[in-house]
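Read through the structure below, which is laid out as structure tokens, and then see the notes.
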Amino acid sequence: AILQHDIELPSNIPELLMEKHANYLILYGTNKDEYNYSQTEHMRMSGMYWGLTALDLMGKLEQTNKEEVLEFIGQCQNDSGGISASMQHDPHLLYTLSAVQILSMYDALDVINVDKIVNYVKERQQADGSFAGDQWGEVDVRFSFCAVATLSLLNRLDAIDIEKAVQFVLKCMNFDGGFGSKPGSESHAGLIYCCVGLLSITGHLHLIDADRLGWWLCERQLPSGGLNGRPEKLPDVCYSWWVLSALTILGRLHWIDKKALIDYILTCQDVESGGFSDRPGDMVDPFHTLFGLTALSLLDKNFSLKSINPTYCMPEYVIDRLGLKPSRLD
Ligand SMILES: COc1ccc(S(=O)(=O)N2Cc3cc(-c4ccc(C=O)o4)ccc3N(Cc3cncn3C)C[C@H]2Cc2ccc(O)cc2)cc1
Ligand SMILES: [Zn+2]
């Protein structure tokens, strides 16, 4: 057998410790002087989206300080219309999406100037249909997903050229059926999620070779049960989400050994502090905590988690409330 980077699973597999994960996330957002919290100011808006979505999946959104969050988001909208990660930071499509996702969950899209957000997103589209993340112009297909997801949540997809956006995504498709961040870039599970998600929102999934891509995705599963993001890489719980959400949209989730993956994810819990890490025994963080929970929600309805929409990575009930119907292959 070829050498495979993988890990040995610990012998005991803990059950899902939901109360501990809820306490971890609620505490993370409250003691603001704590070291880790201060180190993530540059991505605060996304950190809040990760924590609040995880709490909502566990039925704990009403334990959060909605007024404080809404005020913070209002203070992060810049004159340009874009939203920044924290106050006094530059706006970016990443944080504009996170803010719109949070406001959609709180059903509070009226606290920001929607027309100015739409204009900020529209201004990011390039002549070739791609999107720059901010005014400095870096292009990455991740930002195409941010633009399309943001506008669809606001019911304003009319503001951009969808056909050209889809053309650019297709230029990022590789011979292995996967997608990279730009034309010619190597396939990576995170970028595949962005491209499949964009095509799901715009109704262009028929342009994907679902069998070839589905095969590449299920090849991410290792003997430990965990999934990696590219061949030869170690397993990591966040790839559970990127791979599973894409497979679900492509109608091929059953190609994964669910039981083995569930066991891997459960061993990534910190049974003392709560939270999930990328691999058993590593440091936990809100990012991996969200993606561990969203993966479990996709894998088994018997966990007492709300169901997650694979396209938007938001609770299904929020997508239903917005009347959105992202497409899936059956
Ligand atoms: C710890 O090192 C990193 C490296 C990259 C990043 S990132 O912002 O480019 N990003 C998101 C990300 C976040 C965290 C994290 C720690 C604490 C918090 C509080 O909310 O969030 C940790 C990792 C991380 N990464 C890096 C990563 C995850 N698994 C493997 N790696 C290398 C992902 C990275 C890219 C990204 C993914 C999704 C997204 O919506 C935005 C950015 C952040 C920290
Ligand atoms: Zn990870």
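We count ligands from 1, going down the list as the structure has it; atoms in each ligand are counted the same way.
- The environment of Glu272 atom CD is sparse: at most 12 non-hydrogen atoms of other residues, nucleotides or ligands sit within 6.0 angstrom.
- Comment: Lys182 does not engage Glu138 in a salt bridge, judged by the lack of any side-chain N to carboxylate O separation of less than 4.0 angstrom.
- For Glu186, the salt bridge (Lys or Arg N to Asp or Glu O under 4.0 Å) partners are Arg230, not counting sequence neighbours.
- Identified under the salt bridge (Lys or Arg N to Asp or Glu O under 4.0 Å) test for residues 111-136, with sequence neighbours left out: Asp115-Arg156.
- Both cation-pi conditions hold for Arg252 and Trp255: the charged atom is under 6.0 angstrom from the six-membered ring centre and inside a 45 degree cone around its axis.
- A cation-pi arrangement is present between Arg220 and Trp216, with the terminal nitrogen or guanidinium carbon under 6.0 Å from the aromatic centre and inside a 45° cone about the axis.
- Between the side chains of Ser240 and Tyr264, no donor-acceptor pair of N or O atoms lies under 3.5 Å.
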Measure from every N or O atom of ligand 1 to the protein's N or O atoms and keep only the pairs below 3.5 Å, writing each with atom names and distance to 0.1 Å.
{"from": "ligand 1", "atom 1": "29 (N)", "to": "Asp236", "atom 2": "OD2", "distance (Å)": "3.0"}
{"from": "ligand 1", "atom 1": "29 (N)", "to": "His288", "atom 2": "NE2", "distance (Å)": "3.3"}

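- Aromatic ring centroids of Tyr95 and His89 lie 6.0 Å or more apart.
- Exactly one residue among Phe179, Tyr193, Tyr239 makes a ring pair (Phe, Tyr, Trp, His ring centres under 6.0 Å) with His188. That residue is Tyr239.
- Of all protein atoms, those that are N, O or S and lie under 2.8 Å from the Zn ion (ligand 2) total 4.
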